[in-house]
Amino acid sequence: MIRAVKGTRDILPPDSHIWNRVEAVARNVMHSYNYSEVRTPIFEETALFARGVGEETDIVSKEMYTFDDKDGSSLTLRPENTASVIRAYIEHRLDQRPGLQKLYYIGPMFRRERPQKGRYRQFSQIGAEVIGSESPAVDAEVIEMVVEILSRCGLQGFHLIVNSVGCKECRPKFIARLKEDLTAKASQLCGDCQRRSTTNALRVLDCKIPQDQPVIDTLPSILDHLCETCAKHFSAVRTFLDDRGVAYEVRPRLVRGLDYYMRTTFEVVHGSLGAQNSVLGGGRYDGLAESLGSRVHSPGIGFSIGEDRLVMSVEEADPHANKDSIDLYIAPMGEAALRHSTTLARDLRRRGARVELAFEGKLKRAMELANKLNARYTLIVGDNEIASGLYALKNMASGEQENVTRDQLAERLYG
RNA sequence: GUGGGUAUAGCUCAGUCGGUAGAGCGCUGGAUUGUGGUUCCAGAUGUCGAGGGUUCAAAUCCCUCUACCCACCCCA
């Protein structure tokens, strides 16, 4: 048997309905904030991600699906979409268009990791980018919007965390300072942290081992080491979030893994997700466009929601969210009735009803199926009905049946 | 890449001391030739993950492999 490859999966009905609903909510909310959809290719030149995401990140150094094209060029299945969106922004000179560029995307990303709960090799992200402003007011609006998407999906009990990771000026100074501290204290930390002390000092701050916390608490906080510009920016972001009534926690230890993040970073966690408890992550990336070759300064901020994880959480919040139903099940009795019913079904469908037509089988069988398909009504069409013009319409919930004309039928369905 | 767990019907799982395969749900048919849900009756579906070994006999014991799940790392 050929199976879906490791880390990929089929989204079947009725689960696919939740996916559709989540996507519809996201599109609606983003539309109301005046975002427009951008669709970039699933694969790009490998160099785009190497330069955009960062050579030293785990994503680039060990998780990319990279292959050689027949002409020898190196291509990569996108592991994330911000670099692609910025590439498109530069390539098509979107900086020349009026106003901010507010773009969103929904689609699959690819990372070759060991799969586990909430982590797949092909996974879907719902993301958005605002390019063309450094204003902290933009940061606040982006964060407000993403929280709105989660709320409108019916998600409850999620937790927003924000931080500032500084800029090219203040972050390296902070990391140097942190490493200094760590060389003295590393021996008191867990094995992982001792290793991180040299390879990825910031991650030590994010360690979850309880025994390490007392030591970690003594380490310096990046928020105390921001340069003046970054500190002012972060303070303004917080003020704007407060104005908007968005609840958040400032967590100086929040570390994001992608190289391009600077200043504002944020994350939303949810308890239902297992070890991968992050349902979305985002942040500001003011230097990214230039590092990808833009001749104009194009600061930006964006986020991406892990759609698989969001769906998982939404399902948990409302296990019946994926229940499907149809408006009308038509059960024709015999050949003439079937022919009569096909045009009837077509007319009802044209007016928007969700209609299923039984092509064969006995009436009893049709009634059973109507019930299993969760039909609101079943319509029985036989010789009597065709002759009289009165159809037998059964309300499946109440069990009541009445004889109706075509117009009355439409009234029941649409009224 | 490293650990741990699991693998028996479409799904969720039981299967004792090694004795040749079970339940619930679902599916199909019937009780009811034009009426679903509840009920009753009947039925179908298994490479017991794969391969090898021990044995008169293996779902069960041993070895190897594979797949999936969870976790580490890291991230959405």
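Note that the structure is a prediction, hence the values are computed from the model and not measured. Just so we're on the same page: letters track the sequence lines, and every chain starts at 1.
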_Return whichever of A:Leu363 or A:Arg112 has its heavy-atom-nearest nucleotide of RNA chain B closer to the 5' end._
A:Arg112

*asked:* Taking B:rA59 as the reference, what is the distance to B:rU8 when you measure between their C1' atoms (whole Å, please)?
replied: 7 Å

*Would you classify A:Lys117 as touching base, sugar-phosphate or nothing, given that sugar-phosphate means primed atoms plus P, OP1 and OP2, and contacts are heavy atoms under 4.0 Å?*
sugar-phosphate

_With a 4.0 Å limit, can you tell me whether A:Gln125 has a side-chain N or O closer than that to the phosphate oxygens OP1/OP2 of B:rA76?_
no

*Do the side chain of A:Gln401 and the base of B:rG34 come within less than 3.5 angstrom through a donor-acceptor pair of N or O atoms?*
no

*Pick the C1' atom in B:rC17 and in B:rG5, then give their distance to the nearest Å.*
26 Å

*Determine whether any donor atom in the side chain of A:Arg119 lies under 3.5 Å from an acceptor atom in the base of B:rC74, or the reverse, and answer yes or no.*
yes

*Any chance the side chains of A:Thr8 and A:Gln122 put a donor and an acceptor closer than 3.5 Å?*
no

*Contact class for A:Glu368 vs. all strands (heavy atom < 4.0 Å): base, sugar-phosphate, or nothing?*
sugar-phosphate

*For B:rG1 versus B:rC62, give the span between their C1' atoms, rounded off to a whole number of Å.*
29 Å

*Could you tell me whether A:Gly274 contacts a base, only the sugar-phosphate backbone, or nothing, with contacts defined as non-hydrogen atoms closer than 4.0 Å?*
sugar-phosphate

*Which whole number of Å gives the distance between the P atom of B:rG53 and that of B:rA58?*
12 Å

*Centre of A:Tyr105's six-membered ring, under 6.0 Å away, within 45 degrees of the axis: is that where NZ or CZ of A:Arg39 sits?*
no

*Would you indicate what A:Arg365 reaches in the nucleic acid, counting non-hydrogen atoms under 4.0 angstrom: base, sugar-phosphate, or nothing?*
sugar-phosphate

*Among the candidates B:rC75, B:rC73, B:rC72, find the nucleotide nearest to the side-chain atoms of A:Asp58.*
B:rC73

*When only distance counts, do a donor and an acceptor, one from the side chain of A:Lys362 and one from the base of B:rG34, lie under 3.5 Å apart?*
no

*Reckon A:Arg114 has a side-chain N or O less than 4.0 Å from the OP1 or OP2 of B:rC72?*
no

*Using atom CG of A:Leu12 as one end and atom C1' of B:rG10 as the other, report the distance to the nearest whole Å.*
13 Å

_A:Thr57-A:Asp259 side chain donor-acceptor pair, cut-off 3.5 Å_ = no

*When you check the gap from the basic side-chain N to the acidic O, do A:Glu335 and A:Arg339 get nearer than 4.0 Å?*
no

*Could you give the CG-to-C1' distance, from A:Asn277 to B:rC74, as a whole number of Å?*
13 Å

_Under 4.0 angstrom between A:Lys372 side-chain N/O and B:rC27 OP1 or OP2_ = yes

*Below 4.0 angstrom from OP1 or OP2 of B:rC68, is there any side-chain N or O of A:Lys6?*
yes

_On the side chain of A:Lys394, is there an atom forming a donor-acceptor pair with the base of B:rU35 - under 3.5 Å, no angle test?_
yes

